[in-house]
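Read the structure below first, then the notes.
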Amino acid sequence: MFEQVELMSGLSPNKIWFTSDTHFFHDKIVEYSQRPFASVEEMNDELIARWNSVVHRDGIVFHLGDFCFGKPDKWNHILDRLKGRIYLVLGNHDAGHVSEEVAERFEAVAFQMRLNVNGQKIYLNHFPFLSYSGDNHGTWQLFGHIHSNLHNYNIIDKHRLAVLQPGQYDVGVDNNNFTPVSYRQVEEIINNRKL
């Protein structure tokens, strides 16, 4: 049902955002990742507010997995409130929750996606890879899953961060002030690493 998606043209770099690991309705993530919210409801509302503060109505958001917990009504409740057209790369917590009804709400749902934005090749997966196609030829690999954060709270596989390539970046909310990051922000981060 879900395969690889390739989007090779027509993507404007000024209308693209990336995010991951929102974990909407996942009450344990507040404690586990030590997110600064009093409840899962507060977290949901704040993540939605921050998303909508940066994403335009006609924007495109690539969500790299672990979107939401719960039945389709919870997913629909969140999707009804978010701006932009959303592409979902499945995370380890999504596979059992994405029904056909939910999948239809996204532009596409896949285990991985490949983009070409003005000549910049981008590989999207929920997980960071030690080696990925094009890693030595300027392809970016954007990921989530590990819950990187400024305070180093409960980062999954923290010791492996040292082997990431300069073209890899964790777009997860914990690493980005609980807000989607724009293509231009990622471009600046990666270019500054290569200097």
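For the ring-ring contact (aromatic ring centres under 6.0 Å, His included) test, residues two or more places apart in sequence or in another chain that qualify with F18 are F62. Under the ring-ring contact (aromatic ring centres under 6.0 Å, His included) criterion, H23 pairs with H26, F69, H93, H147, sequence neighbours left out. Take D73 and apply the side-chain hydrogen bond (donor to acceptor under 3.5 Å, both in side chains) test, not counting sequence neighbours, and it matches no residue. For the ring-ring contact (aromatic ring centres under 6.0 Å, His included) test, no residue two or more places apart in sequence or in another chain qualifies with H77. Under the side-chain hydrogen bond (donor to acceptor under 3.5 Å, both in side chains) criterion, R35 pairs with D174, not counting sequence neighbours.
When all heavy atoms of P180 and Q185 are compared, the closest pair comes out as O-OE1, 4.1 Å. V30 approaches F37 most closely through the heavy-atom pair CG1-O, 3.2 Å. Of all heavy-atom pairs between N125 and Q141, the closest is CB-NE2, 4.0 Å. Between D170 and G144, the shortest heavy-atom distance links the atoms OD1-CA, 3.6 Å. Pairing each heavy atom of M43 with each of I29, the nearest pair is SD-CG2, 3.7 Å. Considering all non-hydrogen atoms of both residues, Q120 and G138 come closest at NE2-O, 2.8 Å.
The number of heavy-atom neighbours closer than 6.0 Å to CD of E188, taken from other residues, nucleotides and ligands shown, is 12 or below.
Proximity of a side-chain donor or acceptor of N176 to a complementary backbone N or O of G172 within less than 3.5 Å is detected.
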CA sep, side-chain torsions, deciding dist, call: E31, K28, salt bridge (charged side-chain N to carboxylate O under 4.0 Å, His left out): CA-CA 6 Å; E31 177 185 349; K28 294 190 186 304; over 6 Å; no

The test is side chain to side chain contact (heavy atoms under 4.5 Å, CB included); show your working for W51 and V61 and say whether it passes. CA-CA 10 Å; W51 177 305; V61 180; 3.6 Å; yes

Between M113 and I122, does the side chain to side chain contact (heavy atoms under 4.5 Å, CB included) criterion hold? Intermediate values first, please. CA-CA 8 Å; M113 294 185 188; I122 308 171; over 6 Å; no

Trace of the side chain to side chain contact (heavy atoms under 4.5 Å, CB included) decision for L90 with F111: CA-CA 5 Å; L90 293 168; F111 286 109; 3.6 Å; yes

Show, in sequence, the C-alpha distance, side-chain angles and deciding distance for D66 and H126, and conclude whether the side chain to side chain contact (heavy atoms under 4.5 Å, CB included) test is met. CA-CA 8 Å; D66 291 357; H126 181 63; 3.3 Å; yes

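Going from atom SG of C68 over to atom NE2 of H97 covers 8.5 Å, rounded to the nearest 0.5 Å. The distance from atom CZ of F106 to atom CG of L79, rounded to the nearest 0.5 Å, is 4.5 Å. A distance of 9.5 Å separates CD of Q168 from CZ of F129, quoted to the nearest 0.5 Å. Remark: Y32 OH to D27 CG distance equals 15.0 Å, nearest 0.5 Å. To the nearest 0.5 Å, atoms OG1 (T139) and CG (L142) are separated by 11.0 Å. The distance from the OG1 atom of T179 to the CH2 atom of W17 is 12.5 Å, given to the nearest 0.5 Å.
Between W75 and F67, the gap from one ring centroid to the other is short of 6.0 Å.
A salt bridge (charged side-chain N to carboxylate O under 4.0 Å, His left out) check over residues 10-21, counting only residues at least two apart or in different chains, returns the pairs K15-D58.
In this structure the side chain of P13 reaches within 4.5 angstrom of the side chain of R184, judged on heavy atoms. The shortest distance between side-chain heavy atoms of F24 and I48 falls below 4.5 Å.
When each of D94, T19, T22 is paired with H63, the side chain to side chain donor-acceptor pair (under 3.5 Å) condition holds for T22 and for no other.
No side-chain donor from either of E42 and S39 sits under 3.5 Å from a side-chain acceptor of the other.
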